[in-house]
Amino acid sequence: MPLPIIEPTGTEYEDPLDLMDEIDELKKEKDATILAHFYVDGDIQDIADFAGDSLKLARDATQVETSTIVFCGVHFMAESAKILNRKKRVLLPDLNAGCSLAESCQYEPLKNYQEKLRAEGHDFLTVAYINTTAAVKSLCDWIVTSGNAREIIEKIPEDKEILFVPDQHLGRYLSEVTGRKMILWPGACMVHEVFSLQDLNRAKRNNPESQVIAHPECPQNILEVSDFIGGTEKMRQYVKSIEKPTTFLVATEAMMIHPLEKLAPQHTYVPVPGIITSTGETCACNRCPHMALNTLQKIRNCLRDGKPEIEWQPYFQKAYDVLERSLLQ
Ligand code: 13P
């Protein structure tokens, strides 16, 4: 039988150091600033002008002085940067960098669900995690990130119900810490949902003095055995506040270990493994496949070619109003 023909991928190996030099040159030539989320590869975080969590990056984007922003993250992040900076050109190295949470909550189903709730007599405000599309944001009253969610929810009048979309785990956690009852949309992050409680317990047993730090997108069973719960920036501040060298079991996207090691190198960081639910096998799925689409090559290409670009859409104006009020005021 003839062997199958493997098509060339078109991405030949290029020396990362050469690519970094090229990116530096192109940044000057094209008047660009690079923003990178803590979940992209460490070398990309290192060459970025701003690295951070979702909240900081949305705010940093409004401080950029160059005419172009290259957003190394996922689509909703670059889209939010464009919404907040209409006049700037916003590039995303790979337009396929999506988000399972944003996917799980689409415009029409959310609009229909809101109408159904209103028809049933619910008097509610819709709070959306920033991991949503601009169209979905335009249907919402508040946008939150893991960094400001509690603060915003505590501002909502007690007589209003809260519809929280799309992350059911983050919503459940916020409901617990704020004491506010919430109607939860059944979405989840593909990375945070797969942590294995059994493997986490085993890692704890093998590292008896360790602490578990978990992102609030994790399901309840993981949060229940965690010593610290917080978004990516809060995790950084927490490990920094501890001087004694400690082993941290990290329940979030694997690349987060890079900024933790940079900020607090006295500690040891162990990624919590994920699990394939259908087979029960441990996997390396704590790497977000969308964030992983950001590569040095694609950053160089998008700077060189001026694309892919996030184009302004008419419905961005409504999303601007809610984003600006939620994140910048
Ligand atoms: P933060 O950066 O706000 O912690 O959130 C991480 C995330 O969900 C990225 O998709």
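Remember, it's 1-based here, ligands and their atoms both numbered in the order they're listed.
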Salt-bridge contact R287-E253 (side-chain N to carboxylate O under 4.0 Å): yes
Shortest protein contact, atom 3 (O) of ligand 1 (heavy atom only): S146 OG, 2.9 Å
Residue of the set D49, V90, I310 for which side-chain contact (heavy atoms from CB on, under 4.5 Å) holds with I69: V90
4.0 Å heavy-atom contact, Y129 with ligand 1: yes
Side-chain ion pair, D167 and R172, N-O less than 4.0 Å: no
Which of the ligand 1 atoms, numbered from 1, are nearer than 4.0 Å to a heavy atom of D53: 2 (O)
Atom indices of ligand 1 within 4.0 angstrom of G231 heavy atoms, with elements: 4 (O)
Geometric class of the Y269/F248 ring pair [parallel <30°, tilted 30-60°, perpendicular >60°]: parallel
Shortest protein heavy-atom distance from atom 2 (O) of ligand 1, along with the residue and atom involved: H37 NE2, 2.7 Å
By side-chain contact (heavy atoms from CB on, under 4.5 Å) - contacts of D53 (at least two apart): F38, L55, K56, T232, E233
Mode of M77 contact toward ligand 1 - side chain, backbone, both, neither (heavy atoms, under 4.0 Å): side chain
Carboxylate-amine/guanidinium contact R180 E161, below 4.0 Å: no
Contact partition for N131 relative to ligand 1, non-hydrogen atoms under 4.0 Å: side chain
Nitrogen or oxygen of T145 less than 3.5 angstrom from that of ligand 1: no
Option with minimal heavy-atom separation from atom 7 (C) of ligand 1, where the choices are M256, E217, H192: E217
Structural part of F38 in contact with ligand 1, heavy atom criterion under 4.0 angstrom: neither
Any donor-acceptor N/O pair, S226 side chain to I229 backbone, under 3.5 Å: no
Top protein contact for atom 5 (O) of ligand 1, by heavy-atom distance: H215 NE2, 3.4 Å
D94 (side chain) donor-acceptor with N294 (main chain) under 3.5 angstrom: no
L55 near ligand 1 by a heavy-atom separation under 4.0 Å: no
